[in-house]
Trainee: 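To start, I am sharing the structure in question, which I have written as structure tokens.
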There are 2 protein chains.
Amino acid sequence: MKRVTLLDVAKHAGVSRATASLVVRDSPLVGAATRAKVEAAMAELGYVYNLGAARMRAARSRTVGVIIPNLTNPFFAVLLAGIESILETAGLAVILANSNENAAKQDGFVNRMREHGVDGLIVCPAEGTERRFVDDAGKWGVPLVQTLRMVPETASDYAGMDPTPGMREAVDCLVGFGHRRIGYVATDTHHSARTERLESFHAAMNAANLAPLFVRPLESTHMSARMAAPELMSRPARPTAIICHNDVLGLGLHRGLCDLGVMPGRDVSLVGFDNVAEADLVMPGLASVATEPFVVGENAARLLLRRMDAPDGQIASSIEETYFVQRGSCGPVRMAAGTVPA
Amino acid sequence: MKRVTLLDVAKHAGVSRATASLVVRDSPLVGAATRAKVEAAMAELGYVYNLGAARMRAARSRTVGVIIPNLTNPFFAVLLAGIESILETAGLAVILANSNENAAKQDGFVNRMREHGVDGLIVCPAEGTERRFVDDAGKWGVPLVQTLRMVPETASDYAGMDPTPGMREAVDCLVGFGHRRIGYVATDTHHSARTERLESFHAAMNAANLAPLFVRPLESTHMSARMAAPELMSRPARPTAIICHNDVLGLGLHRGLCDLGVMPGRDVSLVGFDNVAEADLVMPGLASVATEPFVVGENAARLLLRRMDAPDGQIASSIEETYFVQRGSCGPVRMAAGTVPA
DNA sequence: GTAATCATTTAGATCGATCTAAACGCACAG
DNA sequence: CTGTGCGTTTAGATCGATCTAAATGATTAC
């Protein structure tokens, strides 16, 4: 029992192989009667289209490579879900790879994907990705969309978000509550998203005529933030409010503060970033700057589709706005409980 | 500027196309000197292997299809990460699809993956998947591994976990704390994982000579569990402990109880399932039955590799144990605060 | 010196689709 | 009746690898 090929279908339907090929490709050239005959034959024989063979002759493989730095972070998982939903609708299969923030591994994946003949690439670049990475894709003629992070000094389509408005609202809210000693907890990995958020923090502080109390880099895990809480709170100039680069850090710190008996929103105000589902579950709720990773993913996929359509079109980008979601973890500054006077 | 083919490489290295082909496939038949020459030529010309062409002649496509019911659930995302890590090491690319718990969509994906000529399939079957689904895969000769869920009355390799020991420990812990009125919150989707956990709950209760106080199905979201808290606590026979089918429900309920001023671990004991990272962040920590989705994913991938190696080998399965992680959300039963005497 | 063995290498057919360019059938104008 | 145009269909070459089976050359055996 051999594989059913297009030739078998053609014979069974009494047409030529070429005609059968036109039918599977939904060509308008073929007559309605013939199409019906061929489709019947396909159903009867249980024909399965062979994309591998197709891709050899045609250029397209109906396949897109997606490289994500860390699948276990729900934020990226949701981004991926957004990407997948759009590509799926467009009839494109997603070839997935997890770079684990490893640029070398990422290079390997791109090679593998070239071997697979992907029609395009969506990448959230791992830390330390070099310019060459993006340039090469251009040289090879593989449409590339960067998402959430952008390799410095590179030009490609980009789907991301703008932390500025949300950060501004967050700082304004804190300032409105009387906070003046505001610290920032960053990640210890360096990429454009880190820079972007940190810069928007500086800008917002500037606009409020304040200087950041500190910028503290931490490994982006719940545990490291939780462990860092005592150190952050025992500084000589104790912060009255802290903004975190993401909710992983925000939630970890939330718990770390609770461990110390320091109540977020009462004893110190706390703001996260990403507004993950869990931010609304802790007590008090973690205020957070909201972004929609699913939508960013959709945008990235749409940019890629456009690029595949017009490889030489103008470079485009799509930036999602952010906004501040206030919850119990932000409250008025308290002079009383053990705080150092301003 | 045309694509570099194996023939170009062969010419450049002064060997035949066949020899070059042997080199790219790491065949032991080729001499060391020749191999070096060819590899140099490949590097020099910037040759990229064309998997599409290869797969046409050979059987393999170095590609595996993975279908997950819901990417936005971190539990599945981690499962996927585990699968990816093993397949990646084996040099297999992952073609990803998100069924969204939709069996019809899932059928579509399998077709698409057949078109792509995947060498195997790892599926966590969507709710309502029919027997036919698994049988078809067998008929088509596509190696299939089911994971976390198993379509009833089907035979295939399977990587899952056994809730029994963890559930037993959880119930024993609660009973040890004096609890006798124990309720269970299930999902409203029906699949083998739901049944398995519910049955292990019944078994554990039975072993403790207790009857379940109630079994309440809920949509598997934080919000639905949070909203259900008042109803659960205002029942005529008020539970002193509740076990939840997963941590999404557990965390949602945790928050819902806090909203009511009912303190988990003091006023009511609460147990979740999956032990997601966030279970340790809420206050008090959510006790949970732990499973390692990453490991289950790895197991699934390894089973598939074995199956691809030996298509006619014995059907195998790999079951991860579970264990109970006690945290603040479980504590001694309190007769005082508004509880109905046993 | 010839034959047999072994490790390498190769020519040519082949996988299953798509492409190109030409052919076909039919209608209609001249 | 021939020629032109249009919508449909087709033969045959082609994509880039792998397979089979045979050829090659070096080494050892007799």
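We use all heavy atoms of the structure for the numbers below, so side chains are in, but hydrogens, waters and symmetry mates are not. Lettering of chains follows the sequences in order, A, B, ..., and the numbering in each one begins at 1.
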Trainee: Hey, which sits more toward the 5' end of DNA chain C by its nearest nucleotide, B/Thr34 or A/Ser21?
Mentor: B/Thr34
Trainee: With the threshold set at 4.0 Å, does a side-chain nitrogen-carboxylate oxygen contact exist between B/Asp136 and B/Lys139?
Mentor: yes
Trainee: For the pair B/Ser192 (side chain) and B/Met150 (backbone), establish whether a donor and an acceptor sit closer than 3.5 Å, ignoring hydrogens and angles.
Mentor: yes
Trainee: Both B/Ala53 and B/Ala20 contact DNA chain C. Taking the nearest nucleotide for each, which residue is further toward the 5' end?
Mentor: B/Ala20
Trainee: Hey, mind stepping through A/Leu80 and B/Leu80 against side-chain contact (heavy atoms from CB on, under 4.5 Å) and telling me if it holds?
Mentor: CA-CA 12 Å; A/Leu80 176 60; B/Leu80 176 61; 4.3 Å; yes
Trainee: Quick test of your reading: applying salt bridge (charged side-chain N to carboxylate O under 4.0 Å, His left out), list the pairs with at least one residue in residues 141-159 of chain B, sequence neighbours left out, ordered by first then second residue.
Mentor: B/Glu101-B/Arg149, B/Asp157-B/Arg307
Trainee: Evaluate the side-chain proximity of A/Thr291 to A/Glu320: yes if any heavy-atom separation is below 4.5 Å, no if none is.
Mentor: no
Trainee: Base, sugar-phosphate, or nothing: which does A/Arg55 touch, judged by heavy atoms less than 4.0 Å apart?
Mentor: nothing
Trainee: Could you tell me the boundaries of the chain B footprint on DNA chain D, defined by atoms under 4.0 Å from its heavy atoms?
Mentor: D/dG16 to D/dC19
Trainee: Tell me, please, which residues at least two apart from B/Arg302 pass salt bridge (charged side-chain N to carboxylate O under 4.0 Å, His left out).
Mentor: B/Glu298
Trainee: Name the nucleic acid region contacted by B/Ala54, choosing base, sugar-phosphate or nothing; use a 4.0 angstrom heavy-atom cut-off, strictly under.
Mentor: sugar-phosphate
Trainee: What's the angle between the local helix axes at either end of the helix from C/dG1-D/dC30 to C/dG30-D/dC1, using five pairs per end and rounding to 10 degrees?
Mentor: 60°
Trainee: Distance check: side-chain N/O of B/Thr19 vs OP1/OP2 of C/dT10, anything under 4.0 Å?
Mentor: yes
Trainee: Could you list the residues that satisfy side chain to side chain contact (heavy atoms under 4.5 Å, CB included) with B/Glu39, not counting sequence neighbours?
Mentor: B/Val23, B/Arg35
Trainee: Send over the distance from B/Leu29 CG to C/dC6 C1', rounded to a whole Å.
Mentor: 11 Å
Trainee: Under the side-chain hydrogen bond (donor to acceptor under 3.5 Å, both in side chains) rule, what pairs show up with a residue in residues 51-71 of chain A, not counting sequence neighbours?
Mentor: A/Tyr49-A/Arg60, A/Arg55-B/Asn50, A/Ser61-A/Asp119, A/Asn70-A/Thr72
Trainee: Specify the residue among A/Ala32 and A/Met56 whose closest nucleotide of DNA chain D lies further upstream toward the 5′ end.
Mentor: A/Ala32
Trainee: Write down the atom of B/Ala126, the atom of B/Asn102, and the distance for their closest heavy-atom approach.
Mentor: CB-N, 3.6 Å
Trainee: Within the structure shown, what part of the strands sits under 4.0 Å from A/Thr5 by heavy-atom distance: base, sugar-phosphate, or nothing?
Mentor: sugar-phosphate
